Amino acid sequence: MIENLFHAAALVLTAKVLAAMVCGVLIGYFVGAMPGLTSSIGMALLIPFTFGLDPIAAIVMLVSIYMASDYAGGIPAILMNAPGQPASAVTAFDGFPMCNRGESGLALNLAIMASGAGALVSLVLLVVSAQLMAAAALAFGPAEYFALAIVGLSLIGVLSAGSTLKALIGLFFGLTVVTIGIDPIRGTERFVLHPYLIDGIPFLPALIGLFALSEVFVMIETANDRIDRVRHASSASHSLRTLVPYRRTVLRSSLIGYFIGVIPGAGASIASLVSYGVAKKLSREGASFGTGNPEGIIASEAANNASVSGALAPLLSLGIPGSASAAVLIGGLTIQGLQPGPLLFADNPEIPFSIFVGLLVGLPVMLLIGLFGARLWVQITRIPRPVIATVVASICMLGSYAASNDTFEMMVTAAFGVIGYVLRRCDIHPAPVVLALVLGEMLEANLRRAMILANDDFLSVISHPITAGLILVSVLVLASPLFGRKSAMA
Amino acid sequence: MGDRDMALTRHSKDENPAGDRGRAGPGLRLSGRTVDIGVCLALAAMGIWFVAEALQMPSGREALDPGSFPVIAGGMLALLALVQLGLSLAARGRLPGVELQRPLWLAIGMAMMLAFPPAVERLGYYPVAVVWVPAFGWIAGIRSPVGLIAATLVVLALGKFVFEMLLGTPLP
């Protein structure tokens with residue numbers, strides 16, 4: 001492991017990769033600070049820009065965007081009560097009251113330092129656990145991979161925000177769409193209504209449409225909405241000692257964030273909410289949570305950022321995305337010709353280890369930009385949303401075209417943008433659709449391979465010990481809302 | 001960072017460059033039930049179509065042939081969409097309404113996005129972008145000429161310097 005880390009450090013510490021990292025951090029801050037733009041939108045838009053980069057620079061850039069946007073989401077949450085990322089909504093509970101008391105500088109610095117500490121703790125856990133998970137998964141066959149995909153999809157269906165039924169509809173919409181094209185085992189054409197669809201629905205244009213373009217339509221619709229803007233943030237100490245009194249909260253929240261992040265579908269929002277709830281319960285000043293208690297900001301931000309590394313663990317070791325942003329990252333890796341999963345550690349160890357080193361090296365960069373660039377990020381929130389919508393719409397089109405130099409891909413983006421918007425208005429969020437697009441082929445191909453190996457005996461496929469255990473987990477997860485309803489009624 | 005404390009400035013709709021409600025027209029309020037019914041019917045129809053097409057695919061000797069997975073996925077999509085449809089029909093008046101703000105601009109924006117790829121294919125990227133970007137910017141709510149020009153220049157520069165020169169993507 002040490003040898004791999006040193007090798008990765010040599011690859012990351014080059015001018016090209018460091019420049020890509022700084023660009024990623026700056027873009028991540030921009031995306032995170034702009035309410036309406038999320039890390040998944042930012043990454044989906046930026047993937048086309050990574051085509052010309054070598055794989056390590058490209059992946060480090062995407063991971064830096066992911067990390068930095070989660071940091072930056074707290075900035076508008078504290079200054080405007082408008083979270084830049086969904087997970088930062090919890091930060092606003094105490095951040096905005098502190099801002100109203102004239103302590104915005106302290107709130108911002110605490111948020112950034114807690115984010116950094118959460119990221120550091122979770123990075124250590126990621127380095128250790130991802131390798132262990134990958135080593136265990138090397139023994140997996142098609143049956144286990146099929147079960148793993150089932151677990152991922154069931155968790156995503158249940159843990160998504162809003163109605164479970166609607167999340168499942170989104171999931172099956174994605175699974176249905178993913179069957180378009182050549183079938184993965186026998187090579188039969190399926191639903192190929194246009195010659196361009198022979199390879200299936202192109203993933204990147206669909207991703208850009210569902211996440212970014214559908215958000216552009218939301219921006220067009222809400223162009224008249226009133227926007228509160230901030231002029232200045234108060235000054236405050238940049239010393240890391242400010243965080244020392246809250247070290248227990250930082251550690252606890254980081255652990256909560258990491259382990260929730262590992263669960264596919266749980267994501268940063270649940271991590272920060274659970275961490276906030278636990279901190280409130282255990283704090284001596286729990287009653288003051290929600291009125292501007294710094295501990296509330298720390299609990300939310302440390303967990304929120306720790307969940308990023310948590311989401312990377314199943315992605316790198318098993319090929320299962322832990323969040324919507326991680327699903328986008330899979331798109332970025334695939335475009336570079338890399339397949340996330342246990343074989344990534346065996347065949348291309350420089351990739352996961354470069355991500356680890358990139359996260360470590362990027363951390364001080366993110367902290368410095370966050371601590372000393374608050375004024376710039378405040379300025380960014382002033383860019384009118386119609387301008388952002390226009391530029392993002394154009395980047396959506398250019399980016400999807402760049403995927404294969406074909407205007408058909410632009411058409412796919414436009415169509416999925418409209419579909420994504422309509423589904424959103426019906427409370428069907430795009431995340432389950434995208435995750436189904438990612439996991440659909442893995443699910444079908446491995447089930448069919450397992451069935452062939454088991455002479456078409458389905459019982460034999462699901463009676464492998466690991467497969468049976470994983471399927472049991474999915475059944476329990478799918479049934480969990482029923483248990484919750486029963487206990488609520490009792 | 002100065003010692004001044006933070007100050008909030010509230011921008012009202014009148015101050016917002018896109019705040020011309022009169023031109024935008026009134027918002028469109030649809031009942032949540034209507035939206036659910038429309039979307040669920042469309043999704044159920046899609047699921048049924050996939051099942052019907054998949055059933056006609058050639059089957060092999062194995063238990064799971066190329067049509068099996070689309071039958072399962074499409075069938076579940078249709079089933080769940082119909083369950084949601086039933087729930088929405090039963091929840092008469094209890095579903096929150098869906099308010100579409102600036103519906104006209106939204107529809108034009110969607111049409112413009114769908115028209116962009118064929119236009120680029122026929123006329124080329126730059127001639128289309130010079131007209132399309134300011135028009136889309138207007139639809140999106142930019143009302144200042146400077147904003148429209150700036151957005152257009154940013155998009156043209158992105159195409160030329162980033163995509164064509166840096167990434168080597170030949171734009172049509």
Side-chain angles (χ1 to χ4, degrees), chain A residues 49 51-52 79 99 102 104-105 165-166 168-169 172-173 175-176 179 183 186 188 190-191 213 217 219-224 226-235 374-375 384 386-387 389-391 393-395 397-398 402 405 407 410-411 414 417-418 422 425-426 444 447-448 451-452 456, chain B residues 1 3-13 16-19 21 24 35-36 39 43 47 50 53 57 62-64 66 69-70 73-74 76-77 80-81 84 98 101-102 105-106 109-110 113-114 116-117 120-121 133 136-137 139-142 147 151 154-155 158-159 163 166-169:
Chain A
F49 291 86
F51 291 157
L79 296 176
C99 180
S104 55
L165 180 58
K166 288 190 172 176
L168 289 173
I169 290 174
F172 280 102
F173 172 74
L175 288 176
T176 306
T179 61
D183 111 77
R186 277 184 33 189
T188 309
R190 298 189 298 197
F191 317 108
L213 194 55
F217 295 138
M219 286 184 189
I220 292 177
E221 202 202 329
T222 56
N224 288 333
R226 178 176 172 144
I227 299 167
D228 292 344
R229 288 174 187 165
V230 177
R231 237 177 228 154
H232 304 294
S234 63
S235 63
R375 181 168 282 188
V387 174
T390 308
V391 175
S394 307
I395 295 177
M397 290 288 113
L398 281 169
N405 297 352
T407 49
M410 287 182 174
M411 203 64 216
V418 175
V422 173
R425 294 317 308 249
C426 193
E444 181 186 5
L447 173 62
R448 288 176 64 190
M451 288 288 282
I452 291 168
D456 288 335
Chain B
M1 197 179 290
D3 286 330
R4 290 167 295 182
D5 213 357
M6 71 91 214
L8 290 170
T9 54
R10 303 210 176 258
H11 287 237
S12 70
K13 282 174 181 167
N16 192 312
R21 287 220 134 187
V35 174
D36 264 10
V39 173
L43 289 173
F50 268 78
E53 289 288 313
M57 284 179 188
E62 66 268 42
L64 289 179
F69 195 75
M76 285 300 291
L77 174 65
L80 293 174
Q84 180 61 49
V98 175
Q101 301 171 51
R102 309 178 81 228
W105 293 136
L106 182 65
M110 284 180 175
M113 289 306 309
L114 291 167
F116 185 78
V120 166
E121 192 163 297
V133 176
F136 190 84
I139 301 297
I142 307 175
V154 166
V155 171
L158 267 173
F163 281 90
L166 193 69
L167 299 175
T169 305

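All values derive from a computational prediction rather than experimental measurement.
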Heavy-atom closest contact (A:I220 atom, B:R102 atom, distance): O-NH1, 2.6 Å
Compare all side-chain heavy atoms of A:F173 with those of B:L80 and state whether any distance is below 4.5 angstrom. no
How long is the straight-line distance from CG of B:L64 back to CZ of A:R448, given to the nearest 0.5 Å? 7.0 Å
B:M113 side chain near A:M397 side chain, heavy-atom distance below 4.5 Å: yes
Can you tell me which portion of B:M57 sits under 4.5 Å from chain A's heavy atoms? Options are side chain, backbone, both or neither. side chain
Given A:N405, A:V422, A:T407, A:V418, the one with more heavy-atom pairs under 4.5 angstrom with chain B than any other is A:T407
If I take atom CE from residue B:M76 and atom CG from residue A:L168, how far apart are they, to the nearest 0.5 angstrom? 7.5 Å
What distance do B:F50 atom CZ and A:L175 atom CG have between them, rounded to the nearest 0.5 Å? 11.5 Å
Heavy-atom nearest pair, A:I169 first then B:L77, reads O-CD1, 3.6 Å
Can you tell me how far the OG1 atom of A:T390 sits from the CD1 atom of B:I139, to the nearest 0.5 Å? 10.0 Å
Tell me, for A:R186 versus chain B, whether the close heavy atoms (under 4.5 Å) come from the side chain, the backbone, both or neither. side chain
Between B:L106 and chain A, which part of the residue has a heavy atom less than 4.5 Å away: side chain, backbone, both or neither? both
Heavy-atom closest pair (A:F172 atom, B:A73 atom, distance to 0.1 Å) is CD2-O, 3.9 Å
Atom OG1 of A:T179 and atom CZ of B:F69: how far apart are they, to the nearest 0.5 Å? 7.5 Å
Looking only at heavy atoms and a cut-off of under 4.5 Å, which of B:M110, B:E121, B:E53 has the most pairs with chain A? B:M110
Choice from B:V35, B:D36, B:V133 maximising heavy atom contacts with chain A below 4.5 Å: B:D36
Quick check on B:V39 against chain A: is it the side chain, the backbone, both or neither that has a heavy atom closer than 4.5 Å? side chain
Test item: B:L114 and A:M411 side chains (from C-beta on) under 4.5 Å apart, heavy atoms: yes
Correct closest heavy-atom pair for A:P386 and B:A140 would be CB-O, 3.4 Å
Quick one: what part of B:F116 sits under 4.5 Å from any heavy atom of chain A, side chain, backbone, both or neither? side chain
Partners of A:F217 by ring pair (Phe, Tyr, Trp, His ring centres under 6.0 Å), sequence neighbours excluded? none
A:R425 meets the side-chain hydrogen bond (donor to acceptor under 3.5 Å, both in side chains) criterion, sequence neighbours left out, with A:E221, A:Y421
Between A:D183 (side chain) and B:P66 (backbone), is there a donor-acceptor pair under 3.5 Å? no
